[in-house]
Amino acid sequence: MEEKKIKGNFIKTIITEDLERGKNDGRVITRFPPEPNGYLHIGHAKSICLNFGVADEFNGRCNLRFDDTNPAKEDQKYIDSIISDVKWLGFDWGDKIHYASDYFENLYDYAVELIEKGKAYVCTLNADQMREYRGTLTEPGKESPDRNRPIAENLDLFKRMKNGEFEDGAYVLRAKIDMASPNINMRDPVIYRIKKMSHPRTKDKWCIYPMYDFTHGLSDALEGVTHSLCTLEFQDHRPLYDWLLDEVSAPCHPQQIEFARMNLNYTVMSKRKLQKLVEQKFVDGWDDPRLPTIAGIRRRGYTPAAIRNFCNAIGVGKRENRIDVGLLENCLRDDLNEKAPRVMAVINPLKVTIANWNQENCNSEQKNDDKSQQETSCGSTLKIESLEALNHPQKPEMGTRQILFSKHIYIEKEDFMENAPKKFFRLAPGREVRLRYAYFITCKEVIKDENGEVIELICTYDPATRGGDSPDGRKVKGTLHWVSEEGSIPATVRLYDRLFLNEDPEADRDDFTENLNPDSLVTLKGCRVEKSLANAEPEKVYQFERLGYFCADSKESTPEHPVFNRTVTLRDTWAKVNKK
RNA sequence: UGGGGCGUCGUCAAGCGGUAAGACACAGGAUUUUGAUUCCUGCAUUCGGAGGUUCGAAUCCUCCCGCCCCAGCCA
C-alpha cells in the first residue's frame, strides 16, 4: 500500500516485546469483530486499519469475524454491507470469513466443561431479581439461591435449555465467580440465555445463545488470535476474559489490549445517534454523503487511501479524543490532489459575451494552428474554437483534453465584483483577467436586470493571448475558470458542509439534532460542467478547478441529468482573508 | 464515597532517567495560467498541580486535582 509506515504506538510496542520474548512462537494474529447490527462508520475504520495494519506489519493475519451472538438485533444485510465496506477500504482477510456462530458447538461444550468443574450454574432469577442480587457500585451483591445447585442438575437443566424445553427468560447459565467482586462483571455474569429465535446463519438450530463475554475470548482462542484489540470500555471485562480462558481447556490464551475509540468533531458516531438521524429523516439514508458512515463518505467521494492515511495519522492511544475533521479533509485533499483529473465547471454561472469574437477571427486564426483548423466550426454563425487543457498541471503524464471556447461563455458569479477592492484579483469593470487555457479578457460593460442584479458581462478578448500567455509579457493577477455555452452541459451540484454547527453536537442542547447545520446540503440546479463530464463514472473524483473536488453521485446521476457531490473544497486562503 | 482507565502545544501524538519528535491548525515569506499544489521560516525553557529521590525527572516515589468507563438475560 502506498501509505507510509504505521507510526509507533503502545500496541506495537507490546507486540514487539512479545515477539522479542518469543511469545506465541512469533505469530501475530488479530481480528476485526463487528456485530452485524448496524453499518460501519469511520470509527470502525480506525479499528480496521489498526487490526489489519498491525497484522500486516508483523507478517501476521487478521480475521474478519462477525460476533453474531444476538439474533434479536442482527441481520444478514448488515453482514453484507460490512463485508463490502471492509473490502472497499482495501483490506484482505484471506479466504475465510469467520463467525462466532460457527463456534456455537464448541462454545456449548466449554459451557458444559465449566458446569462440570462447578464453575457455572443454571439460575432461575429473573432480570429484575438479578439486578437486585447484583448489588451496586459500592455494595457487594448477594448470592443467587441457585448458586449451589448440584452439578448434575445444572447439566440436566442446561441441556434442557438447549433442547428448547423452557421459555425465554426462564433460566440463564451463569459463571460462578464472586458476587462480592468490586468489578461488577465478575459477579456471576450470565453466559448463556434462552432466545427462541431464528439466527441469520444457524437458523433454528439453537434456542440458547452465548453472551458476548463468553463468546468473544473463546472465539479468539479458537482462531489462535494472539492480540485481541478492543475499545476502552472493555477494560473492566478483561478479568472475565482471562478467567474464562483459564477455566476452560482453550487452545491458547490471547491477550486483550484496549485502545481509545475515535471521535470526530462536527459529527456523531454512535449507532444510536446515527440511527436517529436516518430514521427521523434528518439525512437521506445510511449512505447520505454527510454521514460519517463508510457508505456515506464513499458516496461523498472519499478514497480508501485517504481514510487509511487518516487512521494512521491520528495514532492510537488510550485517551479520550476528538479529532479535528480538518485533519480528515486534509488527508483527503492530499490523496485527491495526486489522483484527481482537473476539469472546469461553473456552479453559479454568470453569462459573459465576448464582443469582439466574430466570424473574422476564424479566418485569420486558422492559418497557423492545426487543431483549431480541424475543430473550428466556421459555419454560418459563430466560431467555436478548441483549446488544449492539461488534465493535471503537475502530472503531464495524465494528458490533455480539448475544451471549447466561443462567443458566449460562463464564469462564476463570485468572480465578478462591480466595486472591487485592489486585492480582488478577479473580474471587475475595466479589469483584465485570464480565462484558464484560453484568453485574456477585459470587462467592458455590465448588464443588469430591473432589480439591479448583474446578469451579463460584455468583455473583449485579446487574440494574441491564446492559451493564456501574453506575448508582450503583460501580467494579469487573476485566472478564472470558465465554460462555454457549446462546451458545457447543465448539471446539478450538491454542496455538502459539516452536519453540525458545534464541534461537539452534544453541547448546549438537550437534543443533539437541534445543533444540526441547516446548510449542510445546498443543492445548485443551474450549473454548467465541461461536456466530457456527461459520462463521469460514479464515485470517480474530479477537481473542478478553483472550486474543489467533486464526483458523480452513485445513486442519482445519469448522463441526461448529471448530479455531482462536492467531496471537499480546495483550501481557500482568499475566503479566509476575505472574512477578516 | 467500590472498581477500572486517562491527563505532554489549539487538535491528535512520540517520548520509557540524560535535558520536549512529527502531523494538522496557526503566522510570515518564495514560486505559481487553480488566491490550489509545492517550497522555505516561525510556533511547548515545558509535560494537570504540589512535594520528594537523583549530578540529572515528562519519565521513579508520595499526596492532591480534573476527566472518562462500569450496576443489559447488548456488544
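Every chain is numbered from 1 and lettered A, B, ... according to where its sequence line falls, protein lines coming before strand lines.
When distances are taken from the side chain of A/Asn9 to each of B/rC26, B/rC24, B/rA14, the shortest belongs to B/rA14. The listed nucleotides are B/rC24, B/rG35, B/rG4; the one nearest the side chain of A/Arg546 is B/rG35.
As rounded to the nearest Å, B/rG10 and B/rC6 have P atoms that lie 23 Å from one another. Across B/rC67 and B/rU53, the matching C1' atoms stand 29 Å from one another, rounded to whole Å. Here, B/rU8 and B/rA14 have their P atoms 11 Å apart, quoted to the whole Å. B/rU11 sits 30 Å from B/rG18 when the C1' atoms are compared, rounded to a whole Å. Separating the P atom of B/rU45 from that of B/rA21 is a span of 12 Å, rounded to the nearest Å. Between B/rC61 and B/rC69, the distance separating the two P atoms is 27 Å to the nearest Å. The separation of B/rU46 from B/rG7, taken at their C1' atoms, amounts to 15 Å, rounded to a whole angstrom. Taking atom C1' on both nucleotides, B/rG48 is separated from B/rC43 by 22 Å, rounded to a whole Å.
A donor-acceptor distance shorter than 3.5 angstrom exists from the side chain of A/Gln129 to the backbone of A/Asn126, with no hydrogens or angles considered.
Pairing of B/rC43, defined by two Watson-Crick or G-U wobble distances under 3.5 Å, is not identified with any nucleotide. Summarising the base pairing, B/rA58 is matched to no nucleotide, lacking a Watson-Crick or G-U wobble pair whose two defining distances lie under 3.5 Å. The partner of B/rA23, taking Watson-Crick or G-U wobble pairs whose two distances both stay under 3.5 Å, is B/rU11. With both pairing distances under 3.5 Å, B/rG2 is matched to B/rC70 as a Watson-Crick or G-U wobble pair.
A/His237 pairs by the ring pair (Phe, Tyr, Trp, His ring centres under 6.0 Å) definition with A/Phe234, not counting sequence neighbours. Scored by the side-chain contact (heavy atoms from CB on, under 4.5 Å) test, A/Lys176 finds A/Tyr121, A/Arg147, A/Asn148 as partners (sequence neighbours excluded). Among residues two or more places apart in sequence or in another chain, the side-chain hydrogen bond (donor to acceptor under 3.5 Å, both in side chains) test is passed with A/Arg566 by none. The side-chain contact (heavy atoms from CB on, under 4.5 Å) test applied to A/Ile177 returns A/Ala175, A/Met186, A/Asp188, A/Pro189, A/Leu240, A/Trp243, not counting sequence neighbours.
If you take CZ of A/Phe425 and P of B/rU32, they are 14 Å apart, rounded to a whole angstrom. The CZ-P distance, from A/Arg322 to B/rG7, rounds to 18 Å in whole Å. As rounded to whole Å, 18 Å separates atom P of B/rU11 from atom CD of A/Glu329. Between the P atom of B/rC67 and the CG atom of A/Asn263 lies a distance of 18 Å, rounded to the nearest Å. Rounding to whole angstrom units, NZ of residue A/Lys477 and C1' of B/rA36 are separated by 19 Å. Rounded to whole Å, atom P of B/rU37 lies 14 Å from atom CG of A/Leu332. Atom C1' of nucleotide B/rU11 and atom OH of A/Tyr266 are separated by 11 Å, given to the nearest angstrom. One interatomic measurement links the two molecules: CG of A/Asn321 to C1' of B/rC9, which rounds to 17 Å at whole-angstrom precision.
Base orientation for B/rG72: syn, the chi torsion being within 90° of 0.
The local environment of CD in A/Glu414 is sparse, with at most 12 non-hydrogen atoms from other residues, nucleotides or ligands closer than 6.0 Å.
Under 4.0 Å is where a charged nitrogen must lie from a carboxylate oxygen, and between A/Arg65 and A/Asp67 at least one such pair does.
Between A/Phe564 and A/Phe550, a ring centre-to-centre spacing not shorter than 6.0 Å is recorded.
A/Glu139 comes within contact range of no nucleotide atom at all, as no heavy-atom separation falls under 4.0 Å.
Side-chain nitrogen and oxygen atoms of A/Arg319 include none within less than 4.0 Å of the OP1 or OP2 phosphate oxygen of B/rG5.
At a cut-off of 3.5 angstrom, counting only N and O atoms as typed in the model, there is no donor on one side facing an acceptor on the other between the side-chain of A/Arg333 and the base of B/rU37. Between the side chain of A/Arg434 and the base of B/rU34, no donor-acceptor pair of N or O atoms lies under 3.5 Å. Taking only distance into account, the side chain of A/Gln394 never meets the base of B/rU38 through a donor-acceptor pair shorter than 3.5 Å.
When the nearest nucleotides of RNA chain B are assigned to A/Leu327 and A/Arg436 by heavy-atom distance, the more 5′-ward of the two goes with A/Leu327.
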Discussion item. One character per nucleotide, please: for nucleotides 68-75 of chain B, 5' to 3', B when the base has a protein heavy atom closer than 4.0 Å, S when only the sugar-phosphate does, - otherwise.
Written reply: SBBBSBSB
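Among residue pairs with one or both ends in residues 165-187 of chain A, those qualifying as ring-ring contact (aromatic ring centres under 6.0 Å, His included) are A/Phe166-A/Tyr171; sequence neighbours excluded.
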